[in-house]
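All remarks here apply to the structure that follows.
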Amino acid sequence: MDLLYIILFFILGLFFGSFFCCLGLRLSTKTNFVTARSKCDNCNHPLAWYDLIPVLSYIILKGRCRYCKKKINPLHLFIEVVTGVLFALSYYSFSFSLDLLLALALVSMTMIIFSSDLTYLIIPDEVIISFSIIIIIIQLLRLGLVGTLVSILSGALLFFFMFTLMKLGESLFKKEALGGGDVKLLFVLGLVLDPFLGLLTIFLASFIALPVSLYLLYKNKEHMIPFGPFILISFLIIYFSKITSNDIFTFLSLSYLL
């Protein structure tokens, strides 16, 4: 039965991933995501429903638009598959529970931000505000009022830490080093992580981003590289590993004694 649910959540994630990718791109360009029809990024031809079946349409069309034959942005396929995998992982990790609901909300936010930040270097405020409210409501159900207030305080601490880093970077480099969206994102993640794990998330994100950034700078001479996706990758690693601050402190203590 668990295997069946894992498969169902994977399929569900594929369809939601298609929607999340579209939502992230449209929010960044202020396009109406409710009424506007899906269309080819290259020729702007409206797409039929059979052009929008997650993964399957991409494979059948061999990654090209049915109408202009130009390559479809592989970001769509990437977001669909990764969302499917993360939805399945969420069920595998938490089964049917409020923790599952929280995990699905976090994955949904992650995929929307991935789409927008990778494409336009934008983390829409609408996403941050909406998911802050959703996660606070879920935390109220999970933790009660006191626990939720603690999680909001954790989010505020991480926000101010990231804000300080942003201002310090601007002072040192005389230009924008971090985006405001990255700072706001840390508030949302702080609703789930304690401050220590939040700091670990930032450190791990920087560690992952460094070689990628150096490669992109060398190949493309890019000066603006989105940091949001790296924050979210490190967050998902920590979140789904279920590691706690106590686990880390215990490990460090034992390592010191040995």
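If you read the sequence from its start, that first residue is 1, and numbering goes on from there. Not measured: the values here are computed from a predicted model.
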Problem - Beyond-backbone contact of C21 with F78, side-chain heavy atoms, under 4.5 angstrom - result: no
Handout entry: Hydrophobic cluster membership, L145 vs V150, 4.5 Å side-chain cutoff
Key = no
Exercise for the section: To the nearest 0.5 angstrom, please state how far the CG atom of D182 sits from the CG atom of L232. Expected result: 9.0 Å
For a quick test of your reading: what N or O donor-acceptor pairs under 3.5 Å do the side chains of residues 188-198 make, sequence neighbours left out?
{"unit_1": "D194", "atom_1": "OD1", "unit_2": "F196", "atom_2": "N", "d": "3.0"}
{"unit_1": "D194", "atom_1": "OD1", "unit_2": "L197", "atom_2": "N", "d": "2.8"}
{"unit_1": "D194", "atom_1": "OD1", "unit_2": "S245", "atom_2": "OG", "d": "2.9"}
{"unit_1": "D194", "atom_1": "OD2", "unit_2": "S245", "atom_2": "OG", "d": "2.7"}

Problem - salt bridge (Lys or Arg N to Asp or Glu O under 4.0 Å) partners of R66, counting only residues at least two apart - result: D51
Fill in the blank from the handout: The reported gap from OG in S154 to CG in L149 (rounded to nearest 0.5 angstrom) is 12.5 Å
Practice task
Just jot down the ring-ring contact (aromatic ring centres under 6.0 Å, His included) partners of F94, sequence neighbours excluded, or say none.
Solution key: Y239
Handout entry: Sequence neighbours excluded - salt bridge (Lys or Arg N to Asp or Glu O under 4.0 Å) pairs with any residue from residues 140-156
Key = D99-R142
Practice task
Hey, could you give me the CD1/CE distance between I134 and M109, rounded to the nearest 0.5 Å?
Solution key: 10.0 Å
Handout entry: Between CZ on residue R64 and NZ on residue K69, distance to nearest 0.5 Å
Key = 9.5 Å
Handout entry: Which residues share a salt bridge (Lys or Arg N to Asp or Glu O under 4.0 Å) with K70, sequence neighbours left out
Key = none
Problem - Main-chain N/O of G228 paired to D117 side chain as donor or acceptor, under 3.5 Å - result: yes
Practice task
Of all the heavy-atom pairs spanning I208 and F230, show the shortest one and how long it is.
Solution key: CG2-CD2, 3.9 Å
Problem - Side chain proximity check, L106 to L236, heavy atoms < 4.5 angstrom - result: no
Fill in the blank from the handout: So OH of Y67 and CG of L61: to nearest 0.5 Å the spacing works out to 8.5 Å
Problem - Connected via hydrophobic side-chain network under 4.5 Å: I243 and F207 - result: no
Exercise for the section: Kindly indicate whether the side chain of I202, heavy atoms from C-beta on, has any atom under 4.5 Å from the side chain of F161. Expected result: yes
Practice task
Using the test side chain to side chain donor-acceptor pair (under 3.5 Å), find all partners of N73 that sit at least two apart in sequence or belong to another chain.
Solution key: none
Handout entry: Over 12 foreign heavy atoms within 6.0 Å of NZ, K62
Key = no
Handout entry: Polar side-chain atom of S116 near backbone of I113 as donor-acceptor pair, under 3.5 Å
Key = yes
Problem - Test item: F159 and L186 side chains (from C-beta on) under 4.5 Å apart, heavy atoms - result: no
Exercise for the section: Tell me yes or no: between the side chains of D247 and T244, is some donor less than 3.5 Å from an acceptor? Expected result: yes
Exercise for the section: Write down the atom of T148, the atom of L143, and the distance for their closest heavy-atom approach. Expected result: N-CB, 4.1 Å
Practice task
Could you tell me the separation between the CZ atom of F227 and the CG atom of L165, rounded to the nearest 0.5 Å?
Solution key: 9.0 Å
Practice task
Under 4.5 Å between side-chain heavy atoms, chaining through other members, with only Ile, Leu, Val, Met, Phe, Trp and Tyr counted: pull out the rest of the cluster around L157, sorted by chain and number.
Solution key: L153
Completion exercise
In short, F240 meets S93 closest at the heavy-atom pair CD2-OG, 3.8 Å
Fill in the blank from the handout: Sorted by chain and residue number, the ring-ring contact (aromatic ring centres under 6.0 Å, His included) partners of F15 (sequence neighbours excluded) come out as none
Handout entry: S108 vs F131 side-chain heavy atoms within contact, under 4.5 Å
Key = yes
Exercise for the section: For residues V107 and S90, determine if any side-chain heavy atom of one lies less than 4.5 Å from a side-chain heavy atom of the other. Expected result: yes
Fill in the blank from the handout: Looking only at heavy atoms, the pair that brings S151 and Q139 closest together is CB-NE2, 4.2 Å
Completion exercise
Closest non-hydrogen contact found for C65 with C68 is SG-N, 3.4 Å
Exercise for the section: Using a 4.5 Å cut-off on heavy atoms from C-beta on, say whether the side chain of M111 contacts that of L23. Expected result: no
Handout entry: Set of ring-ring contact (aromatic ring centres under 6.0 Å, His included) partners for F114, sequence neighbours left out
Key = none
Completion exercise
For L25 and S115 the tightest heavy-atom approach is CD2-O, 3.6 Å
Exercise for the section: Not counting sequence neighbours, which residues clear side chain to side chain donor-acceptor pair (under 3.5 Å) with S206? List them please. Expected result: none
Problem - Derivation and outcome, side-chain contact (heavy atoms from CB on, under 4.5 Å), residues L158 and M162 - result: CA-CA 6 Å; L158 288 175; M162 201 68 169; over 6 Å; no
Practice task
Without swapping roles, check the side chain of E80 against the backbone of P54 for a donor-acceptor pair under 3.5 Å.
Solution key: no
Exercise for the section: Mind running ring pair (Phe, Tyr, Trp, His ring centres under 6.0 Å) on F9 and F87 for me, showing each step along the way? Expected result: CA-CA 6 Å; F9 270 92; F87 266 43; 7.0 Å; no
Handout entry: S234 (side chain) donor-acceptor with T201 (main chain) under 3.5 angstrom
Key = yes
Practice task
Report the hydrophobic cluster partners of I129, with the cluster defined as I, L, V, M, F, W, Y residues connected by side-chain heavy atoms closer than 4.5 angstrom, directly or transitively.
Solution key: I133, I137
Completion exercise
Y92 meets the ring-ring contact (aromatic ring centres under 6.0 Å, His included) criterion, sequence neighbours left out, with none
Practice task
Could you check L14 against T83 for side-chain contact (heavy atoms from CB on, under 4.5 Å), going step by step and ending with a plain yes or no?
Solution key: CA-CA 6 Å; L14 293 179; T83 306; over 6 Å; no
Practice task
With the side chain counted from C-beta on, respond yes when K184 and I123 share a heavy-atom pair under 4.5 Å apart, and no when they do not.
Solution key: no
Practice task
Give the intermediate values and the outcome of ring pair (Phe, Tyr, Trp, His ring centres under 6.0 Å) for residues F96 and Y5.
Solution key: CA-CA 10 Å; F96 288 109; Y5 281 129; 5.0 Å; yes
